[in-house]
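Because the structure is a prediction, the values reported are computed rather than measured. A note on names: the letters A, B, ... follow the listed sequences, proteins ahead of strands, and every chain is numbered from 1.
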Amino acid sequence: MSEEFSLALDTSEDEAPEEVPLEASRAAAQQSRAAAVESTRREKLQLKEKRRKRHELFQEQKKRRLLPDDVLEEIEAAPPQKKKPNEDEGEEESEEESDDEGVGSGEEIDASGKIRNLQGGYTVKLVNELTLAAAQQRAAAGFVQDRLYGQGSRRTTNKAILSLKNKGPKKAPSVEFVRKNWAPKHKAKAERMKQRWLHRKQAASS
Amino acid sequence: MGEFKVHRVRFFDYMPSAISAMAFNVHTERLAVARADGTVEIYNFADNCFQEKVIPGKDGRTVEALCWAGQRLFSTGLNGEIVEYDLENLRSKYTVEAYGGPVWTISSNSQGTQLAVGCEDGTVKIFELVEDSIQFQSNFDRLKSRVLSLSWHPSGTQIAAGTMDMIRVFNVTTGHATQRMMVDRAAGANKKKEVAVWSVVFLSDNTVISGDSAGKVQVWDSQMGTLIRTHLVTKWDVMALAVSRDESSLLAGTSEGSVVQFQFISARLDQPDKEWQRTRTLRSHSHDVRALVHTDTAAVSGGNDAHLVVRPFMEKVVKGSKESAPCKITFPHRSLVSCGKKAGILLFQFPERLEVWRLGESNENGEELSVTKKPEALIHLKRKGDDHICCSTLSPCGGWLAYASASSVRLFQLQYDNDSIALTKVEMGPLHVLLWFVFFVPHYLPSPSPPPPEVSKQAVHLMSTSDDGQWLATANSDCEVHVYNLKKLKYHCTVPVYGSCPSAMAIHPTGSNVVMVHADQKIFEYSLEQKEYTEWSRSLAKKGLHGSWLNRVAPVTHVSFSASNPDYIILHDMNMFCIIDKSLPLPEKDSDLVGAETQLISNSSVFPSVFKNLLCVGLMEDHSLVVVERPLLDIATRLPAPVRQKKFAT
């Protein structure tokens, strides 16, 4: 017990502080600085590596969304179609036979070169791009629709409102009491079965 | 009068489009109505609310707001463009891109010099009106959310803009916001949803009144930015506001279909201080009210149920006068159905397609005949291009079909081959006249030789030819009727101009007279050979038409004749059709029209209210009558969803 007490007394303020040589302390400080720099450098390298990997991953995904390179090359190489099929014959088209299915169907093709013919009878056509303006227009229309008819709008159906008028002292049936057009496909199939059965019956009896 | 076999046709699925915006021009008394499919219609309130002009819409163009600036009409839509309309040629003059995303609202100042548009990206843009065009002037400070409504102060120095959750007041010259008013959200479950301020009105005493999606009409002081009064009008949205010219009365249109009126009156008679008090409720509609206009005498409202309703205020009009009658316009004031008289086929015009049907047949006799051969749809023709079809016609023999849109006119030849039908396109030579209606002639319609110098530039809205192809009569919206001789390709004569616009016109089969019915229900008959009104027409004008005929609201949309009896004139409007027999004596002015054995044989005296909601009544060559009906109940079942209404004890 007395040793514990004496431990506290050992490090008294009467003693002089430890003598540490300058070089040792300098070296220690340098080492710590270097370690700090090293750790930040390592972190930066790690982040860079991470970023590079993600970037590559995105590129890979983007590439996957596009068509394979050789198909794109072929499309680029094929010259764009002119407006009328007669002019096609005049043109020199080395690769492909003019398979005019896309052209001769009676559609109006503008001469901006949107339709190209490929070898093997395929036609490539550029579809109208969905522009940013169209996306904004759809979003705005969606906003109004959501506000008026979306969640929490407490709306009902036209048939319910019209049937409401029929309720009262003189009750009348609702507007669409019987839906005659339910299950049209099933009914058509049943009708065909019936005709077939009748036909078979007639054939058997005759 | 004889018996008629009547084909009652209900297979025309005509669906009128919802009304999305309205604007009233006080000086010319014209109301511009925009529909959800982009069509803009102009009604003349000075002429019995007649639908004078129809500008067809275009694919991809929706109209969210309309405004008049002087005599010029502008509209904006969700495609981000400002469109100015050419009211003489009935098409869009030009479009200006606003570069702010979809444009929600447009408003002009009271001087008619500047236009303000509110965009999706939160900017309010000011455009200057120059001759024949508009020019971008400045942007205001950008707001965080979309600008849904705008209102100019009558002096033109301030603008109130309604966005999500707040109203901002801007100074026009600096473009900075001077005041901000926060709108309370709905109580209860909807507190998490932002409030959309659908409409604002700025009054000259610096009061701003707003209607929002929580169903409140709030009155604000714009100088202090404080709320004066809140009125909870409905549980659903308040979509439209309209204030009268003297700023004493305000109308608010709700999603329930009711229009609430507020008036600036004092609470008690002896007290001098006034405030906005709720006075009456007009229940005119079954679906949302999207657009409102407050004229001096009436409240005009339109919404998702596609009816245009004019309700006059009883304290502002003389009781019993023509003005005091409420008016409900559902069907267009022009014919969408063409009859091929000799072939028994009908052409139905939709904005995006045409349908040709063959009438059914029945071999029985009696009151109600069962159909032995069902009516069949022969052709379903989709239009080419983006512009909606504005007019179409079928030749009487059924062999030629033509339709026109704002950009092109197309002609087709139909060939019937026992059971099959073939359609071939025919190339047309250049046509100069912008056709509004084409009643067909057996050969091509060439451009007419120089018309008389006094012809106004307004578009022709009615055309009629005689059966032998000799005469062509045209009527335009300036109330002029010109007659041309087609065989010689020359102008023939002009009917003396009458104050009201002709709503239906036809040339008699014998080719000698043209019968015109005007929007104020007056009937005239003009002889083409003698170039003057006929005897019958003069005696009718002298005696005057019967009061109950003149008090009818809907205009006559079609005139036809009977081949067997040249004295018959068959007229119809939306709710009735009747046959005028010229050989019988004219009815007395004050006598009871129904049941009287007089000239005007109305169907209501013979078949009481059997044929209603008529779109077309025509007489075929085999003396059978075709009545194309469109019951309002069928339209009502296909409208968008209405709000839930609770009825007592259900």
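Crowding of A:Q59 atom CD: a count of heavy atoms from other residues, nucleotides or ligands under 6.0 Å exceeding 12. Other residues, nucleotides and ligands contribute only 12 or fewer heavy atoms inside 6.0 Å of the NZ atom of B:K58. In B:K235, the NZ atom is not crowded: 12 or fewer heavy atoms of neighbouring residues, nucleotides or ligands sit closer than 6.0 Å. The neighbour count for B:F11 CZ, taken as heavy atoms of other residues, nucleotides or ligands under 6.0 Å away, is above 12. By the 6.0 Å contact criterion, CD on A:Q61 is enclosed, its count of non-hydrogen atoms from other residues, nucleotides or ligands being greater than 12. When the shell of 6.0 Å around NZ of A:K189 is examined, it contains 12 or fewer heavy atoms from other residues, nucleotides or ligands.
Interatomic distance, OG1 of B:T62 versus CD of A:Q137, reported as 5.5 Å (0.5 Å rounding). A:T156 contributes atom OG1, which lies 9.0 Å from atom CD of B:Q645 (distance to the nearest 0.5 angstrom). Rounded to the nearest 0.5 Å, atoms CZ (A:F143) and CZ (B:R146) are 4.5 Å apart. A distance of 11.5 Å separates CG of B:L639 from CD1 of A:I161, quoted to the nearest 0.5 Å. Distance check: B:R644 CZ to A:S153 OG gives 9.0 Å after rounding to the nearest 0.5 Å. Taking CZ of A:R147 as the reference point, atom CE of B:M164 lies at 4.0 Å (rounded to 0.5 Å).
Here the side chains of B:H287 and A:N158 are in contact, with some heavy-atom distance below 4.5 Å. Residues A:Q136 and B:D121 have side chains not in contact (no heavy-atom distance under 4.5 Å, counting atoms from C-beta outward).
Interface remark: A:Q145 contributes no atoms to any contact with chain B (heavy atom separation under 4.5 Å). Using a 4.5 Å cut-off between heavy atoms, B:S213 contacts chain A through its side chain alone, with no backbone atom that close. With a 4.5 Å cut-off on non-hydrogen atoms, B:E64 does not touch chain A at all. Heavy-atom distances place both the backbone and the side chain of B:N79 under 4.5 Å from chain A. In this structure, the portions of A:A140 lying under 4.5 Å from any heavy atom of chain B include both its backbone and its side chain. Only the side chain of B:N304 comes within less than 4.5 Å of a heavy atom in chain A; its backbone stays farther off.
Between chain A and the residues B:S286, B:A196, B:A636, B:G77, the largest count of heavy-atom pairs under 4.5 Å involves B:A636.
Of all heavy-atom pairs between B:P640 and A:Y149, the closest is CB-OH, 3.5 Å.
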Quiz item: Run the salt bridge (Lys or Arg N to Asp or Glu O under 4.0 Å) check on A:R155 and B:D288 step by step: do they pass?
Solution: CA-CA 11 Å; A:R155 298 229 169 205; B:D288 306 34; 2.9 Å; yes
